[in-house]
2 protein chains.
Amino acid sequence: MLTERQRMILNAIVDDYIRSAEPVGSRSISKRGDVAFSPATIRNEMADLEDLGFLEQPHTSAGRVPSTKGYRYYVDHLVKIGEVNDLELERIRIFLADKMNLMEQVIQHAAMILSNLTNYTSIVLGPEIFSNSLKHFQLIPLNEDTAVAIVVTNTGHVENRTVSIPPGMDMSEMEKVIRILNMKLAGVPLTRLRSQLYSEVGAELGRYVTHCEQLLGVLDDALAREGDQRVYVSGTTNMLTQPEFKDVDKVKLLLDLFDETPTLMKLVGSLPDGIQVKIGSENGHQAISNCSLITASYSLDGQSLGTIGILGPTRMEYGKVISLLDVLSKDMVSTLSRWYK
Amino acid sequence: MLTERQRMILNAIVDDYIRSAEPVGSRSISKRGDVAFSPATIRNEMADLEDLGFLEQPHTSAGRVPSTKGYRYYVDHLVKIGEVNDLELERIRIFLADKMNLMEQVIQHAAMILSNLTNYTSIVLGPEIFSNSLKHFQLIPLNEDTAVAIVVTNTGHVENRTVSIPPGMDMSEMEKVIRILNMKLAGVPLTRLRSQLYSEVGAELGRYVTHCEQLLGVLDDALAREGDQRVYVSGTTNMLTQPEFKDVDKVKLLLDLFDETPTLMKLVGSLPDGIQVKIGSENGHQAISNCSLITASYSLDGQSLGTIGILGPTRMEYGKVISLLDVLSKDMVSTLSRWYK
DNA sequence: CGTTAGCACTCCAATCCATCGAGTGCTAAT
DNA sequence: ATTAGCACTCGATGGATTGGAGTGCTAACG
């Protein structure tokens, strides 16, 4: 579809624009050396590329700027996936070698590392704990009418909430119930926990316990979970250093978006495995119409664990970010798999 | 120190400036009605007030703006503590009546309510869990070499972390240890937990358990806590609507500050009980030199529980914010005390 | 003596204007 | 097919000009 020379020129323009954030003219391309044609020739090609929709002109007599389509072509055909340089690699290795306690810590730190290395904003979707299974369930009374329910999953994740105890419930009975629960429910995926609670355990409990229905209600309460996935956003302020966000109003739109967990989840979540690039308007959100989102979803044993995403201006360093995400997500998977097996 | 008329004028200027964010001139004061003097007279007084350091002039031939000293005088002597209007009051009551599970939830929601009602940013220091005591301790093995340690306090707060189990540790021994720990340590304030662990329990454990020292190490590890207090910041983007933050660089400074938990804690924490106002440079931080911080520390039975703070431009609605904080903190104390007793 | 009207003065902010330069499109020459 | 040349466009930059809001001072007034 494009001639070799057009590709070279498009590549040069995108590269230049990524560095400078300013419309690039024919002369500067010509001077770069890798496209050895005169400005006039390049101008002609640029006009063609604009007709084809790969470039845009802010106004006549300004240089060209890549369009969404231009970026798309760039990431699909032109971008050179950068080598992750030694310093970066070292930081990633150190980070992964550092013994961390919880899977959540790993995820969260990964987000920080990424936003540091790239100077963009990272959005990380925590492991889908729905896909984990129950390790241990505990109910700890605080006083006569309230107790803390604690759920521990096989990955070491801990959820807790307080529930109220129905009056007349007996301590020793409760302990009995908890013992039964742990015996019957250990290993059950969290998704099926509540249904299993009624179908399997309900009957058996009836024999031992008087206030069975109330107790089941409490347990149901304890296991009802909102917001199962956590979203970690890191390096928000990095965006503010980008010239495309010198306008406070845009900043506000962006930051408000970061606060809306559900929207973020929709944005980052439910993407196919591997590395995905969404450019500008492609992700269809007002506040980030001039941003690109690069995501890497990682999984373990076929189970999707979560997604790491980097949000930057459309004019972002695709090659570098993609290589970083690639390395990090692969390393994370191997590290996580070593731990949880 | 100030004449009655000077007070009236100062009050009028601060009020006007809070509304308009623009230097206020003598004419507009005169027209307000509540200071029935001619502009000329007011000019003279304004000149005096400037000499005394209560007002500042951005440049000759601009109106006056309150100085830090001016604001200080205003909040100390002039401000009318607003009535909390019915709508606001209702929202607070509803929020408090809403049955919430954890103390932390209450705190966090309070922050949100406040930033919503005021359109400023709220910074809330969670309850000092140091001052709480141990309710229950639990160690749940995940696999051969790791376990999750869970600490539950008397207020229902749950802390958890994973620890590695020394090789050769036996399950049944561990259960024994945990039973002893809970018997010996229940009710002990978290602050003294670690010392008590060694002094009281250490000896007794020696009798039952073989790998005593290692186990103590594990427990020590589990109880070592960084970041005991949590800081909740809510409504950060509200600041961006204030004209004093139309400059992106200032926004970045501010947002970076919000990300620095320790700095925030220093800023909000360790303040005497009751309502405190820190104006502009008084809080001595570059990023918020043009902000004021109003804090309310609340306590229960003499124990300091935490602090609620509202951060706004120096030009903030002191009267309104103070009254809101007052109502909310008092209501919170009474609600919390009803629960945890 | 306190208050006020009047007036000259200051200084920011907005507007206009000229200029500059980077970049283009087109044409003609190579 | 490529390129040199040239006229043209258009935003950005940097004074000058002007308008208006506000001041300080002085003199008049009750």
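Chain A is the first sequence line, chain B the second, and so forth, proteins listed ahead of strands; every chain is numbered from 1.
Between the CD1 atom of A:I42 and the P atom of C:dA22 there is a distance of 17 Å, given to the nearest Å. As rounded to whole Å, 14 Å separates atom C1' of C:dC11 from atom CZ of B:R64. One interatomic measurement links the two molecules: NE2 of B:H59 to C1' of C:dC12, which rounds to 5 Å at whole-angstrom precision. With rounding to whole Å, B:E45 atom CD is found 13 Å from D:dG24 atom P. Computed from coordinates, the B:Q57 CD to C:dC11 C1' distance equals 11 Å when rounded to whole Å. Here the C1' atom of nucleotide D:dA12 and the CD atom of A:E22 are 11 Å apart, to the nearest Å. As a whole-Å value, the separation of A:Y17 OH from C:dG23 P is 14 Å. Taking atom CZ of A:R27 as the reference point, atom P of C:dA22 lies 8 Å away to the nearest angstrom.
Electrostatic pairing of A:E50 and A:R64 counts as a salt bridge here, judged by a charged N lying under 4.0 Å from a carboxylate O. Electrostatic pairing of A:K252 and A:D249 does not count as a salt bridge here, judged by no charged N lying under 4.0 Å from a carboxylate O. At a threshold of 4.0 Å, the pair B:E88-B:K320 counts as salt-bridged, since one of the basic side-chain nitrogens sits closer than that to a carboxylate oxygen.
A:R5 has a side-chain polar atom (N or O) that falls below the 4.0 Å cut-off from OP1 or OP2 of D:dT2. Put simply, B:S26 has no side-chain N or O that comes within less than 4.0 Å of OP1 or OP2 on D:dG22. The phosphate of D:dC10 (OP1 or OP2) has a side-chain N or O of A:T60 nearer than 4.0 angstrom.
Residues A:S281 and A:S289 bring no donor and acceptor atom of their side chains to less than 3.5 Å of each other.
Donor-acceptor pairing under 3.5 Å, judged by distance alone, is present between the side chain of A:R43 and the base of D:dG5.
Nearest to the side-chain atoms of B:S61 among the listed nucleotides C:dT3, D:dG24, C:dT10 stands C:dT10. Here the nucleotide nearest the side chain of A:M46, chosen from C:dT24, D:dT3, C:dT3, is C:dT24.
With B:D16 as the partner, the salt bridge (charged side-chain N to carboxylate O under 4.0 Å, His left out) test is satisfied by one option alone out of B:R315, B:R32, B:R27, B:K31: B:R32.
Nearest-nucleotide assignment on DNA chain C puts the 5′-proximal partner with A:P23, out of A:N44 and A:P23. Mapping A:S28 and B:T41 onto DNA chain C via the closest heavy atom, the residue that lands nearer the 5' end is B:T41.
Base contact: B:A40 has a heavy atom under 4.0 Å from a base atom.
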